[in-house]
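A short write-up of the structure that comes next.
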Amino acid sequence: MTRQSANQERDPGARSPIRRSRAVRAVGALAAAIVLIVMSASISTASDQRTDQPRPLANTMGFIGCSMAENVAQGYVAVGGTTMWGPYGTGGAVVQSWTNTNSSSWQQFDQQAARYGEPTAVWVQICIFEWAGATYDEVKQLIANARQHAAPNATIYITGQPLYDDGNVCFLAGANGPQLTESLAQQAAADPTQNVVYPGAFHLGSGEVADGCHANTAGQQSLGRQAMAFWN
């Protein structure tokens, strides 16, 4: 009997070198597994944090205007816009439809706000019939009403009707109607008492008009892309 055998017999619990080696390998494997689990959890947490980063909120921007605003909204949705509301039936709602804060047009607006929450931004489109036109006092009333129906400190954007790049005349607004609405929008933006943003003029090009006034499908998408560039 060797000395090692004698020691093992004297101490039955003693481990052989082979057993000790296996135990060390097992402990190492366990430690490696723990490290992998911790790393996986860290990667997963980081991924979740990236996923939870703030994203633009859908339907947080309202709008008022007439069928020309509807054209913009239709095109905006068609090209993937989500921040502004989609069309909600504002056809024929020119400036005078929005000067009374309790009008049926504002009631429609409030229904949208009840559905999506008070908008944190509102686009005010100045839209006219030739026979009625619009005054600057009416435009200021539209802005005041928009603030009343939106969330506190909402951003107000203001534009006129789309301008026609090929000299087209809109029979509803009259020969200089779109230019008048644009002039009023720029006047409001230059007035520090109104605190509104003029993002630029909407344009309809040749082949983008359906009936002399309104946008066709291509025109709607063009207006939608312009809206995306203005406020997305």
Side-chain angles (χ1 to χ4, degrees), residues 61-79 81 84-99 103 105 109 121-146 155-191 194 196-232:
M61 181 178 180
F63 72 90
I64 68 171
C66 64
S67 53
M68 312 297 268
E70 290 275 293
N71 280 176
V72 174
Q74 289 161 340
Y76 179 78
V77 172
V79 298
M84 190 178 76
W85 296 344
Y88 65 102
T90 63
V94 293
V95 164
Q96 291 75 24
S97 302
W98 303 99
T99 50
S103 68
S105 294
F109 182 99
V122 177
W123 166 42
V124 174
Q125 182 201 56
I126 303 171
C127 190
I128 65 170
F129 288 132
E130 180 180 17
W131 58 267
T135 66
Y136 185 52
D137 283 340
E138 288 175 324
V139 171
K140 290 192 291 184
Q141 189 61 57
L142 262 61
I143 295 169
N145 291 349
T155 301
I156 307 297
Y157 297 93
I158 190 163
T159 74
Q161 294 179 211
L163 302 177
Y164 302 95
D165 292 341
D166 60 357
N168 176 77
V169 174
C170 175
F171 64 93
L172 293 172
N176 296 311
Q179 287 78 8
L180 170 63
T181 63
E182 270 300 298
S183 176
L184 289 168
Q186 293 181 37
Q187 182 178 355
D191 185 345
Q194 298 307 300
V196 296
V197 178
Y198 172 75
F202 284 99
H203 291 266
L204 284 170
S206 178
E208 295 182 343
V209 181
D211 59 359
C213 285
H214 300 94
N216 58 22
T217 300
Q220 289 174 13
Q221 293 187 4
S222 173
L223 293 172
R225 287 190 292 271
Q226 293 170 59
M228 293 273 278
F230 283 159
W231 46 66
N232 269 30

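These values consider heavy atoms only, across backbone and side chains, with no hydrogens, waters or symmetry-generated copies.
The OG atom of S103 lies 11.0 Å from the CZ atom of F109; values are rounded to the nearest 0.5 Å. One distance of note links CD1 of I143 with CD1 of I156; it measures 8.0 Å at 0.5 Å rounding. One distance of note links CD1 of I128 with CG of L180; it measures 4.5 Å at 0.5 Å rounding. Note that the CG atom of N168 and the CD atom of E208 stand 11.5 Å from one another [nearest 0.5 Å]. Rounded to the nearest 0.5 Å, atoms NZ (K140) and CD (Q187) are 8.5 Å apart. To the nearest 0.5 Å, atoms CG (L223) and CZ (F202) are separated by 6.5 Å.
Within the 4.5 Å cutoff, the side chain of P199 has heavy atoms near those of the T159 side chain. L142 places a side-chain heavy atom less than 4.5 Å from the side chain of I64. V95 places a side-chain heavy atom less than 4.5 Å from the side chain of I126.
In this structure, F129 and W131 have parallel ring planes: the angle between them is below the 30° cut-off, well short of the 60° mark.
Using a distance-only test at 3.5 Å, with no hydrogens or angles considered, no donor-acceptor pair links the side chain of T99 to the main chain of E138. Within the 3.5 Å criterion, the main-chain N or O of A189 finds no donor-acceptor partner in the side chain of Q194.
The two atoms that bring G174 and P178 nearest to each other are O-CD, 3.7 Å, heavy atoms only. In this structure, C213 and M68 approach most closely via the heavy-atom pair O-CE, 3.2 Å. Looking at every heavy atom in both residues, N216 comes nearest to G207 through ND2-O, 2.8 Å. In this structure, A134 and Q96 approach most closely via the heavy-atom pair CA-NE2, 4.3 Å. Considering all non-hydrogen atoms of both residues, H214 and S67 come closest at NE2-OG, 2.6 Å. Across all non-hydrogen atoms, the minimal contact from Q125 to G65 is OE1-CA, 3.6 Å.
Screening F63, W231, F230, W123 against Y157 for a ring pair (Phe, Tyr, Trp, His ring centres under 6.0 Å) leaves a single residue, W231.
Q226 and S222 share a side-chain donor-acceptor pair at under 3.5 Å. For the residue pair Q141 / N145, a side-chain donor-acceptor distance below 3.5 Å is found, with atom types taken as modelled. With 3.5 Å as the limit, one finds a donor-acceptor pair spanning the side chains of D165 and H203. Looking at Y198 and E182, their side chains do bring a donor and an acceptor atom within 3.5 Å of each other.
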